[in-house]
Amino acid sequence: MAKERLVIIGGDAAGMSAASQAKRRNTDLEIVVFERSPHTSFSA
Amino acid sequence: MRVRDLQRGRVAWEAYDQLVIATGAVPICPDLPGADAVAVCGVNTLQSGIELRRILDDGGAKRGVVVGGGYIGLEMAEALVRRGLEVSLIDRSPEVMGTLDDDMGQLVSQALRDFGVTLYLEEALTGFETKGGKVTGVVTDKRSLPVDIVVLGLGVRPNTALAAAAGVPLGGKGSIRVNGRMETGMAGIWAAGDCAESFHLVSRRPFYIALGTVANRQGRVAGINLGGGYATFPGVVGTAVTKICQVEVARTGLQEKELGVLGIEWESAVIKSRTKAGYFPGAGEITVKVLAERGSGRLLGGQIVGMEGSAKRIDTLATCLHAGLTVEEMINLDLGYAPPFSPVWDPVVTAAREVVKKL
Ligand SMILES: Cc1cc2nc3c(=O)[nH]c(=O)nc-3n(C[C@H](O)[C@H](O)[C@H](O)COP(=O)(O)OP(=O)(O)OC[C@H]3O[C@@H](n4cnc5c(N)ncnc54)[C@H](O)[C@@H]3O)c2cc1C
């Protein structure tokens, strides 16, 4: 069965918090984050 | 979902089982000619901050004007003074820091003046003067100011054009409406952070607030649910802190103008105290305002302006708001005391005691 695929738009505070929590709880999850700028997690 | 690779220009379709929209907020930009001129800067991304610093590093900028007296505008005004510029700030309100009541905001206005910032309050931006694509002046309804650099701090709005185009239901101020688990009204789509709506625990109404604190908590809740767990985001009480020049500024809960709109009747007290025991070296002034509901005495909000050691005392008030305490109950809070940290009555409790007398 294909892995469940979680896509996130925006790789800063909210997006990366969601990504890390989801991955921590379910390591089988495939997570892709799209970020427009060259930086991730730059704010808080 | 369609994605464009900005480096290679490729466009591709991406499939998802679950989607999180965490697109943040975008700065409010005035719809005025010249707003896109060189050296009219916003500071809402790391990139825009780097760009602003590059203009300053290039030298030549002597006069700076900040438009907007919120925390970002004020922090920028301070930074420009520290970079040696002659700095003015324009705001259409009677005092800076509109998230404070005017009697408390006035203390912040004064701190800026003491630091050398010229304030033009109750003035509205009406336009820009430009020459060869570069900004040379800022025009208000009362004057025209020559400038080399303009920093805009007019607030933000949720960046939800993409979500709206996809048909995701929106709430207040165009933010994405979510339930407690951070699910939107569209199956399989979640939202968190500055693009998403929140809930105000004091007014018990939907509320929009763009803060990193909230973005982290909402993102965490969405992530737990997406990872197969169960979590809910209860809401916010509107807590925010900042430091401008010498003074620390903090607020939580509802302010007078919000209470007026909600039709909630309140009593308030403003007290002056010290950040340490009065005789202790380094004790600084702290002013605390506390608002409580007339009749019930329920704490409604608080504001603090003071020297080092002031701002984080707001967390006591924020916690009391979460717990739904009355100002009467606050008097017996078992808070810590020793001379290096506070007077024997913590300033926030002193303020609560003053409100109790009026109820
Ligand atoms: C100068 C400044 C000072 C601040 N100070 C504080 C503070 O002291 N305390 C505090 O609590 N908060 C502070 N904030 C607010 C805080 O930075 C934000 O609340 C926080 O960054 C919100 O996080 P977010 O992930 O929701 O959104 P953002 O940080 O805005 O991130 C959204 C991301 O999504 C990306 N994106 C958007 N659309 C797309 C798209 N279509 N495709 C791909 N990527 C996309 C953006 O590039 C961005 O990186 C400050 C903000 C500023 C500007």
Side-chain angles (χ1 to χ4, degrees), chain A, chain B residues 1-7 12-26 44-50 158-160 162-163 166 176 178 182 188-196 210-231 233:
Chain A
M1 205 184 86
K3 276 191 175 184
E4 191 179 343
R5 185 172 163 87
L6 169 61
V7 171
I8 299 178
I9 316 175
D12 197 22
M16 294 311 245
S17 296
S20 60
Q21 280 298 330
K23 191 73 185 176
R24 215 166 280 162
R25 280 176 190 260
N26 180 1
T27 45
D28 288 338
L29 210 54
E30 180 190 350
I31 304 181
V32 185
V33 180
F34 290 100
E35 168 54 48
R36 180 158 52 193
S37 81
H39 310 283
T40 59
S41 297
F42 54 84
S43 70
Chain B
M1 177 178 116
R2 199 172 57 193
V3 180
R4 177 177 293 119
D5 182 332
L6 295 175
Q7 261 149 33
W13 285 90
E14 287 282 338
Y16 60 80
D17 297 302
Q18 302 286 331
L19 178 71
V20 178
I21 304 178
T23 47
V26 284
N44 283 80
T45 61
L46 191 54
Q47 217 57 37
S48 59
I50 292 168
N159 180 16
T160 53
L162 192 66
I176 300 172
V178 286
M182 307 310 298
I189 303 187
W190 305 65
D194 283 4
C195 63
L211 281 177
T213 49
V214 182
N216 275 277
R217 294 201 298 274
Q218 290 187 338
R220 172 181 171 274
V221 166
I224 289 172
N225 290 318
L226 285 157
Y230 185 91
F233 181 72

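Letters A, B, ... mirror the listed sequences (proteins, then strands); counts begin at 1.
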Flag, side chain of Asn26(A) to backbone of Gly228(B), donor-acceptor distance under 3.5 Å: no
Side chain / backbone / both / neither for Asn159(B) at chain A, heavy atoms under 4.5 Å: side chain
Arg24(A) portion near chain B, given a 4.5 angstrom heavy-atom threshold: neither
Atom pair CZ (Arg25(A)) and CG (Leu226(B)), whose distance is rounded to the nearest 0.5 Å: 11.5 Å
Student check: side-chain heavy atoms of Val7(A) and Arg5(A) closer than 4.5 Å: yes
Thr45(B) side chain to Ser48(B) backbone, donor-acceptor under 3.5 Å: yes
Chain A interface, residue from Arg4(B), Met182(B), Met1(B), Gln218(B) that has the most non-hydrogen pairs under 4.5 Å: Met1(B)
Max heavy-atom pair count under 4.5 Å with chain A, selected residue of Ala15(B), Ala191(B), Ala231(B): Ala15(B)
For chain A, the option from Gln47(B), Glu14(B), Gln7(B) that forms the most heavy-atom pairs under 4.5 Å: Glu14(B)
Top contributor to chain A contacts, counting heavy-atom pairs under 4.5 Å, from Leu162(B), Val221(B), Leu19(B): Leu19(B)
Any donor-acceptor N/O pair, Thr160(B) side chain to Ile176(B) backbone, under 3.5 Å: no
Val33(A) and Met16(A), any side-chain heavy atoms less than 4.5 Å apart: yes
Chain B contacts, top residue of Arg36(A), Lys23(A), Glu30(A), Glu35(A) (heavy-atom pairs, under 4.5 Å): Arg36(A)
Contacting moiety of Leu6(A), where chain B heavy atoms sit under 4.5 Å: both
